[in-house]
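To start, the structure itself, in structure tokens.
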Amino acid sequence: MTDTPTPARKSRTRAVHAGTRRSQYGEVSEAIFLTQGFVYDTAEAAEARFVEIGPDEYIYARYGNPTVAMFEDRIAALEGAEAAFATASGMAAVNGALVSMLRAGDHVVSARALFGSCLYILEEILGRYGVEVTFVDGTDLTQWRDAIRPDTRAVFFESISNPTLEVIDIAAVSRLAHAVGALVIVDNVFATPVFQDTLGLGADVVIYSATKHIDGQGRCLGGVILGSKTFIRKTVEPYMKHTGGAMSPFNAWVMLKSLETVELRCRAQAASAQAIAEALEARAGLSRVIYPGLPSHPQHALARAQMEQGGTVIALEIEGGQAAAFRFLNALEIIIISNNLGDAKSIITHPATTTHQRLSDAQKQMLGITPGLVRLSVGLEDPDDLIADLSAALQAARQA
Ligand SMILES: *Cc1c(COP(=O)(O)O)cnc(C)c1O
């Protein structure tokens, strides 16, 4: 029995009900079908299912599973996508979306401000298989216009980008890409399913690391690729089901239940992030506060036009370089030092020495990943406590 509300229902209703498949027991909380395989009544039934798989029929958990299908349907309903394929991690989703559609000789244009592992796929892996990639400053439409060619098959970017929070004009880049028939693939982790209608703005494919805001409590790895039924079923699914990047049913259950609260959590975290960014902006000891919700952000107007809130992450540049940034991190008492984001717990990261350590000094400089830059993922704690913690650590950072 499936229980999929009509698309007219509002997002918070879809987040709680969409995709539910109730078993014969009528359970309220969705079941975990922790099973790899599925039993056929007869040999003929097994044969028939391998010839053509019907709706809500399953063969093997690498291809699909009822709990995973509930997660896929619910996130698709939230995103307004025709279809979704859930993956083992965010990187399995990025790799799956790109490699399933590209062939030797294809051309891709990508923003250069990318999560380190995304950069590895675009810079290292695609080239090995004969795909040419041109990198551009994602905030500069002239560079996109110059780089997109008649043989460009896809454009790829993160908006907002990690960790310097650049905002990319999704509608404008999509128009340029669509003029040559290229697919627009957006890694939407920082904008979350909540703040931005990425497909509505013109993107064709949206990718999430569900590890971040969708889980939101730091438990499981997961990812998802969303797009048209044709792209997901004909391009992504054959690649994913034969190469093994499927999401586990247990992780799908965690992600499914977390979708019920993702909007409430993200909105509260973004409201705190806005308050913290405003409170810190003029503070001594900080040379920059980067947050799309601040009027001082270079793409603030664009952020306001395409996003409902500024997101849950703030980048801060501590005066005094790496030594001062480390003193700042070490003095924090509530905010923990780690490298995840989107968690209920506020997390601080020093990108230059951790998540983006692999980049050359020239690349770091080009992307604004300075020795003093720290990335703050704002959690669900009381924002007053977070501002007090950050203020005390800023004092400590200044006492060399
Ligand atoms: C974390 C992250 C990923 C990778 O997700 P995993 O679930 O860790 O594999 C990809 N893109 C962005 C923007 C991320 O923040």
Side-chain angles (χ1 to χ4, degrees), residues 68 71 75 84-99 110-126 138 155-168 170 185-196 198 203 205-226 240 243-248 250-252 254-255 258-259 262 266 269 273 290 292 307 311-315 338-343 347-351 354-359 367 369 373-379:
V68 178
F71 168 70
I75 182 79
F85 195 95
T87 58
S89 68
M91 286 322 303
V94 173
N95 183 69
L98 288 168
V99 176
S110 171
R112 66 191 183 192
L114 296 179
F115 178 68
S117 300
C118 294
L119 195 63
Y120 181 80
I121 291 178
L122 283 140
E123 254 189 343
E124 306 278 337
I125 298 182
L126 293 184
V155 304
F156 181 84
F157 58 89
E158 295 168 16
S159 184
I160 315 162
S161 74
N162 180 9
T164 47
L165 312 183
E166 289 179 354
V167 180
I168 292 178
I170 297 171
I185 305 176
V186 180
D187 179 339
N188 212 38
V189 166
F190 277 57
T192 79
V194 177
F195 303 128
Q196 178 170 283
T198 309
V205 179
V206 167
I207 293 165
Y208 289 106
S209 162
T211 316
K212 311 293 168 55
H213 305 81
I214 293 176
D215 176 321
Q217 290 158 81
R219 297 162 295 190
C220 293
L221 286 177
V224 65
I225 308 168
L226 298 127
M240 291 306 303
T243 55
M247 179 181 271
S248 91
F250 179 81
N251 288 11
V254 172
M255 301 302 183
S258 300
L259 283 178
V262 71
C266 285
Q269 286 169 247
I290 308 172
M307 286 174 53
T312 66
V313 177
I314 305 171
S338 188
N339 39 257
N340 194 15
L341 60 95
D343 200 282
I347 291 175
I348 198 124
T349 309
H350 185 251
T354 60
T355 53
H356 292 70
Q357 189 186 111
R358 197 181 67 80
L359 302 188
L367 296 175
I369 302 169
L373 189 84
V374 301
R375 183 189 76 192
L376 171 64
S377 168
V378 178

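Because the structure is predicted, anything quoted here is derived from the model rather than measured. Whatever order the structure lists ligands and atoms in, that order sets their numbers, starting from 1.
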Quick check: do Ile168 and Ser161 have side-chain heavy atoms less than 4.5 Å from each other? no
Got a sec, which residues hit side chain to side chain contact (heavy atoms under 4.5 Å, CB included) with Ser248, two or more places apart in sequence or on another chain? Phe250, Asn251
Point-to-point distance, once rounded to the nearest 0.5 Å, from CD of Glu158 to CG of Asn188: 10.0 Å
Apply side chain to side chain contact (heavy atoms under 4.5 Å, CB included) to Asn95 and list each qualifying residue two or more places apart in sequence or on a separate chain. Val99, Ile121, Tyr239
Apply side chain to side chain donor-acceptor pair (under 3.5 Å) to Ser89 and list each qualifying residue two or more places apart in sequence or on a separate chain. none
When you compare the side chain of Ile207 with that of Val186, does any pair of heavy atoms fall below 4.5 Å? no
Short N or O separations between ligand 1 and the protein, below 3.5 Å:
residue	atom	partner	partner atom	Å
ligand 1	5 (O)	Ser209	OG	3.0
ligand 1	7 (O)	Gly90	N	2.8
ligand 1	7 (O)	Ser209	OG	2.8
ligand 1	7 (O)	Thr211	OG1	2.6
ligand 1	9 (O)	Gly90	N	3.0
ligand 1	9 (O)	Met91	N	2.8
ligand 1	11 (N)	Asp187	OD2	2.6
ligand 1	15 (O)	Lys212	NZ	2.7

